[in-house]
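In what follows, a structure is listed as C-alpha cells, so that the remarks can point back to it.
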2 protein chains.
Amino acid sequence: MLKMAYVDSMVRTATTLDVFNAIGDRRRRDILDCLARAPSERAVGELVSEVGLDQPTTSKHLRVLREVGLVNVRRAGRHRLYSLNAHAIKAVHDWTRTFERFWQHQLTKIKEHAETAHRADQQDTDPTKKGT
Amino acid sequence: MLKMAYVDSMVRTATTLDVFNAIGDRRRRDILDCLARAPSERAVGELVSEVGLDQPTTSKHLRVLREVGLVNVRRAGRHRLYSLNAHAIKAVHDWTRTFERFWQHQLTKIKEHAETAHRADQQDTDPTKKGT
DNA sequence: TTGACATATGCTAAAAATGGCATATGTTGA
DNA sequence: TCAACATATGCCATTTTTAGCATATGTCAA
C-alpha cells in the first residue's frame, strides 16, 4: 500500500545527507577516527597528512561531515580547526542500540545452532552465482 | 584514452560492501527496523508490503543486507524467510561506542558554551552557500 | 507436466558520489 | 598592495548505485 506515486522530484532515494550515509564512507570514518584520537582539534592540513587524501578531497569530505553535523569548525588564523561533534554520532549509536537485545540473545541461545543449521540453508540461498 | 593506468583494483574507495555502507541507505534501514519489530522472520512479500518498495527492489536490498551479513535467510516452501542478524549491527554499535566518552563530556562541560561560542564561527564557516 | 505463486537476477537509463585539477577566497606578514 | 600560505569550490570525467521492467529460477498443487 501507499506505493507513493513518485512525485518526479524524488525519483531516487533523495537526501544522502544524513549521518548514516556520511559514516558509510570509509574515508570519512577515517577522518572521524582521526579527530577522536589525538588533540581535539585539527587543521585541514593535518588531516590531509594523517588520512592520506589530498587537500581538496579532504575538504569535500569535511564539508559532508560538517553538513550532517558530525564535525565543528573553528577559525584560527588561516587555518580551520575541525573537531568532532560526537553528539551526531550518538544518533547512530542510539539506532544500533535498538538492536542490542537481539545480539544479546542471539549469541547465547540462537547462534549456537544457527551457525550449523542455518548455514546449510544460506549456502544455497545466498548464491552469488551471478552467471546464469 | 586509456586514462586508467589506475591499479585496476583500487580505482575508487573500493568495497562498498560493508555494514556501514549497507545501513547508509534508508530503505535498508527500514527493512532492518521492520525485521526487528514483529515476528522474527518475514517473507519477502511481507517486507514488500511493510516497507513499500516493489518486489525486485526489495530483493535487491535484501541481497545487500545478506551479503554484508545483516540478515539471514531460510527457506520455507516457496518463501524465503528473512531474519535479522543483529550481530552484524554490533560492529557499528561498537564503532560508535568509541565516541561514547565524547558526548558524555560534550553534553556536560563543553556543549554549554560550545552552543553559543562555536556557533558564531560555524555560521560563517559552514556556508552552504552552494550557488555561486 | 502444467500453472500459479514467490523470489531472484539481468539489463538499461538516470542519478549521485567521488577524485583530480585548477582556481577562487580568505588570512597573515612584509 | 603584494606574496605566500591554508582551505574551499567549481567543473569534468568516471564509477557506483539504484529504480524499473522483464524474465529466469524454484516451489507447490492439481
Side-chain angles (χ1 to χ4, degrees), chain A residues 3-6 8-18 21-22 24-28 42-49 51-68 71 73-82 121 124-132, chain B residues 1-18 21-22 24-28 42-49 51-67 71 73-82 121 124-132:
Chain A
K3 274 216 61 179
M4 54 171 91
Y6 293 99
D8 84 53
S9 59
M10 64 152 288
V11 183
R12 207 60 169 295
T13 307
T15 47
T16 289
L17 235 49
D18 69 336
N21 202 71
D25 187 289
R26 185 193 297 265
R27 308 303 180 70
R28 288 193 285 262
R42 302 286 177 91
V44 177
E46 302 179 287
L47 289 171
V48 167
S49 308
V51 178
L53 299 173
D54 51 72
Q55 184 269 308
T57 298
T58 301
S59 280
K60 283 175 189 167
H61 281 306
L62 283 171
R63 177 177 184 166
V64 173
L65 293 173
R66 220 172 25 188
E67 294 186 328
V68 301
V71 298
V73 206
R74 181 171 78 80
R75 283 193 166 146
R78 16 188 165 176
H79 305 88
R80 303 242 177 157
L81 300 182
Y82 281 83
D121 295 308
D124 100 284
T125 303
D126 198 325
T128 311
K129 58 172 181 184
K130 320 202 172 191
T132 303
Chain B
M1 49 191 84
L2 293 181
K3 267 216 60 178
M4 45 185 181
Y6 299 100
V7 193
D8 81 57
S9 59
M10 63 154 286
V11 180
R12 206 61 169 297
T13 307
T15 47
T16 289
L17 232 50
D18 68 337
N21 202 71
D25 187 288
R26 185 193 295 264
R27 309 303 180 72
R28 288 194 284 264
R42 302 286 176 90
V44 177
E46 301 179 287
L47 290 170
V48 167
S49 307
V51 179
L53 300 173
D54 51 73
Q55 183 270 308
T57 299
T58 303
S59 281
K60 283 174 190 167
H61 281 306
L62 283 171
R63 178 177 184 165
V64 174
L65 293 173
R66 221 173 24 192
E67 293 185 329
V71 298
V73 206
R74 181 171 77 81
R75 282 192 165 147
R78 14 187 166 175
H79 305 88
R80 303 242 177 155
L81 300 182
Y82 281 83
D121 294 308
D124 101 285
T125 303
D126 199 327
T128 311
K129 58 172 181 184
K130 319 200 173 196
T132 300

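A, B, ... follow the sequence lines: proteins, then strands. Residue 1 opens every chain.
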Nearest to the side chain of B/Tyr82, heavy atoms from C-beta on, is which of C/dT18, D/dT18, C/dA8? C/dA8
Length of the line joining A/Leu47:CG and D/dA8:C1', which is rounded to integer Å: 14 Å
Side-chain N,O (B/Arg75) to OP1/OP2 (D/dT27) below 4.0 Å: yes
When the distance from NZ of B/Lys60 to P of D/dA24 is rounded to whole Å, what number comes out? 15 Å
Phosphate contact (C/dA17 OP1 or OP2) by A/Arg63 side-chain N/O below 4.0 Å: no
Grab the CZ-P distance between B/Arg74 and C/dA6 for me, whole Å please. 17 Å
Note: for B/Leu62 and A/Pro56 on DNA chain C, the residue whose nearest nucleotide lies more 5' is B/Leu62
With 3.5 Å as the limit, what N/O pairs link the protein to nucleotides 2-6 of chain D?
| from | atom 1 | to | atom 2 | distance (Å) |
| --- | --- | --- | --- | --- |
| D/dC5 | O4' | A/Arg78 | NH1 | 3.3 |
| D/dA6 | O3' | A/Arg78 | O | 3.4 |

How long is the line joining CZ of A/Arg42 and P of D/dT7, in whole Å? 13 Å
What residues, two or more places apart in sequence or in another chain, satisfy side-chain hydrogen bond (donor to acceptor under 3.5 Å, both in side chains) together with B/Thr57? B/Asp54
For a quick test of reading the model, state the closest non-hydrogen atom pair linking B/Arg42 to B/Glu46 and the distance between them. CA-OE1, 3.4 Å
Closest non-hydrogen atoms of B/Ala76 and B/Leu81, given as atom of the first, atom of the second and distance, are CB-CD1, 3.6 Å
State whether the distance check finds a donor on one side and an acceptor on the other, under 3.5 Å, for side chain B/Gln55 versus base C/dA8. yes
Heavy atoms from C-beta onward define the side chain here; which of C/dG19, D/dA8, D/dT18 lies closest to that of B/Asp25? D/dT18
Using the test salt bridge (Lys or Arg N to Asp or Glu O under 4.0 Å), find all partners of B/Arg28 that sit at least two apart in sequence or belong to another chain. none
Would one find a side-chain N or O of A/Arg27 under 4.0 angstrom from OP1 or OP2 of C/dT18? no
So how far is it from B/Asn21 CG to A/Asp25 CG, rounded to the nearest 0.5 Å? 8.0 Å
Contact class for B/Thr57 (heavy atom, under 4.0 Å): base, sugar-phosphate, or nothing? sugar-phosphate
Counting side-chain heavy atoms from CB outward, which of C/dG19, C/dT7, D/dA19 is closest to B/His61? D/dA19
Between P on D/dG20 and CG on B/Asp54, what's the gap in Å once rounded to a whole number? 6 Å
Determine the minimum heavy-atom distance between B/Arg66 and B/Val73, stating which atoms define it. CD-CG2, 3.2 Å
Nearest-Å distance, CG (B/Leu65) to P (D/dT18)? 10 Å
Value in whole Å for how far the P atom of D/dT17 lies from CD of B/Glu67: 11 Å
Test item: A/Leu62 and A/Leu47 side chains (from C-beta on) under 4.5 Å apart, heavy atoms: yes
Counting only side-chain N and O atoms of B/Arg66, is one of them less than 4.0 Å from OP1 or OP2 of C/dT9? yes
Rounded distance (Å) that lies between atom P of D/dT16 and atom CG of B/Asn21: 12 Å
